[in-house]
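When a ligand or atom number is given, it counts from 1 through the structure's own listing order. Side chains included, hydrogens not; waters and symmetry mates left out as well; all remaining heavy atoms used.
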Amino acid sequence: MDQKVRFAPSPTGYLHEGHLLSALYVWAAAQKWHLKIHLRIEDHDQSRARPEYIQSIYQDLERFGFQWDSTSIQSERHPIYKAALNKLEEQHLVYPCFCSRKQLEAENPKSETGEIIYQGKCHTRFNTQSKSIDEPHNLRVIIPDKVIHWHDELLGDFDENPKLQCGDFPIIDRDNQWTYQFAVCVDDMDEGITHIVRGEDIRSSTARQIALMQLLGQKERPIYLHHPLIVDPNGKKLSKREKAHSLRQDLESGISTEELLGKVCFEARLQPNRQPIPLNEAISMVCNNLISI
Ligand code: GLU
């Protein structure tokens, strides 16, 4: 069977330079490992996804000359998520959590990064006390208390226990939407993704995704690679929410795709200056950077 890597942007804003760098890594990994490329639109969060952002993902990538082999869009995949949820429910691995944001903050410890480590209050309460399912709640998955050993092609080895990092986490949120963690695991398994290449900002999700995929019956684990991010002049990562410059804005203001590629490769320390470069050279440059792996 084909080996496959995916590029999985969320249509919650226009693509920015951070996405361009991620795309370069994905396409470079495909070149290096001879992988098919799957483009997945991650619109699981329907409150933030917008049609114009979806359209612009395809358009912006095409303007740069990126080509892919297949696509999917999460909002069209409810039956697949439902079947995966049933699989967890059959194993009694899912429970409703009625805790409010305030309660979560007050009743649970936090990790070094400020993330709440859910202690499972509603897991026990669900068994002992009846609560109406009409009340606002999310659905959490029971994660085993065990260390996951995993390897990153750039960053090395990790030993992480998701139970201690975040505890049982939501797979459906209080607005009844599939969460990122759940949708991404189901998709990666169902779409036959063998290589996961994405930014370092998502690295902390990896152990919990491996744990969830094991519960969903996954046999073969994907290869992981988390690449360094471009940071703004204050050392903060670029983010759509904080209105990082969009690629679209730059292109419309007359900057060429070669100029943007040159700039991103410079900012990511892949080349020593901002010299404009065509897409195939930018991909090869990133690929060369991966060649020692
Ligand atoms: N949709 C996520 C994002 O746009 C990427 C998720 C992933 O690669 O696992 O940041």
Side-chain angles (χ1 to χ4, degrees), residues 4-30 35 37-50 52-58 60-61 66 68 70-77 81 84 148 150 152-155 158 160 162 166 169-171 173 177-213 216 218 221-231 236-244 246-248 264:
K4 218 187 275 180
V5 65
R6 84 304 198 269
F7 182 56
S10 305
T12 54
Y14 291 113
L15 299 184
H16 55 62
E17 288 176 9
H19 294 102
L20 184 56
L21 180 65
S22 256
L24 288 177
Y25 269 95
V26 167
W27 267 258
L35 312 172
I37 298 172
H38 182 75
L39 172 62
R40 179 193 305 145
I41 308 291
E42 295 208 330
D43 63 343
H44 61 92
D45 184 350
Q46 287 291 302
S47 65
R48 291 175 56 218
R50 299 236 300 260
E52 61 269 35
Y53 296 143
I54 297 177
Q55 274 316 310
S56 77
I57 291 174
Y58 299 118
D60 292 352
L61 291 175
F66 289 105
W68 50 91
S70 52
T71 56
S72 62
I73 177 155
Q74 290 180 325
S75 52
E76 292 174 0
R77 294 171 53 77
Y81 303 133
I148 305 276
W150 66 278
D152 183 286
E153 296 296 317
L154 276 182
L155 303 172
F158 291 91
E160 295 174 320
C166 62
F169 54 82
I171 55 174
D173 68 20
Q177 305 208 65
W178 307 107
T179 61
Y180 159 68
Q181 300 295 6
F182 184 67
V184 83
C185 287
V186 175
D187 287 343
D188 285 336
M189 286 174 68
D190 183 67
E191 292 168 351
I193 302 300
T194 53
H195 291 67
I196 295 184
V197 174
R198 57 189 178 191
E200 266 179 24
D201 52 333
I202 314 180
R203 191 193 62 69
S204 63
S205 287
T206 301
R208 56 198 86 169
Q209 290 177 4
I210 291 172
L212 179 52
M213 289 197 277
L216 289 167
Q218 189 203 42
R221 203 187 275 187
I223 288 170
Y224 290 94
L225 187 154
H226 295 85
H227 64 78
L229 306 178
I230 302 180
V231 290
K236 278 183 72 190
K237 81 162 182 137
L238 298 177
S239 144
K240 281 176 296 209
R241 281 198 235 191
E242 283 153 35
K243 301 254 178 301
S246 71
L247 297 174
R248 167 157 296 235
V264 162

So, does Phe7 sit close enough to ligand 1 that a heavy atom of it is under 4.0 Å from the ligand? no
Mind checking whether Leu247 and Tyr14 have side chains closer than 4.5 Å, heavy atoms only? no
Any donor-acceptor pair under 3.5 Å linking the side chain of Gln218 with the backbone of Met189? no
Side chain or backbone of Ile202 under 4.0 Å from ligand 1, or both, or neither, by non-hydrogen atoms? side chain
Report, in ascending order of atom number, the atoms of ligand 1 lying under 4.0 Å from any heavy atom of Glu42. 1 (N), 2 (C), 5 (C), 6 (C)
Qualifying residue, where the test is side chain to side chain contact (heavy atoms under 4.5 Å, CB included) with Tyr224 and the options are Ile210, Leu154, Ile202, Val197: Ile210
Taking only heavy atoms of Ala8, which atoms of ligand 1 are found under 4.0 Å from at least one of them? 1 (N), 2 (C), 3 (C), 4 (O), 5 (C)
Test of understanding: given a 4.0 Å heavy-atom threshold, classify the contact between Pro9 and ligand 1 as side chain, backbone, both, or neither. backbone
Would a line drawn from the ring center of Trp68 to the ring center of Phe7 be shorter than 6.0 Å? no
Against heavy atoms of Tyr180, which atoms of ligand 1 measure under 4.0 Å? 6 (C), 7 (C), 9 (O)
Passing candidate, side chain to side chain contact (heavy atoms under 4.5 Å, CB included) with Pro9, options Leu61, Asp60, Asp43, Leu15: Leu15
Please list, in number order, the atoms of ligand 1 under 4.0 Å from a heavy atom of Arg198. 7 (C), 8 (O), 9 (O)
Do Lys4 and Glu191 sit within salt-bridge range, that is, some charged N less than 4.0 Å from a carboxylate O? no
Identify, by atom number and element, the atoms of ligand 1 in contact range of Ser10, meaning under 4.0 Å from any of its heavy atoms. 1 (N), 2 (C), 3 (C), 4 (O)
Ligand 1 contacted by Gln209 (non-hydrogen, < 4.0 Å): no
Charged N to carboxylate O below 4.0 Å: is that the case for Glu52 and Arg248? no
Provide the number and element of each atom of ligand 1 under 4.0 Å from a heavy atom of Val184. 9 (O)
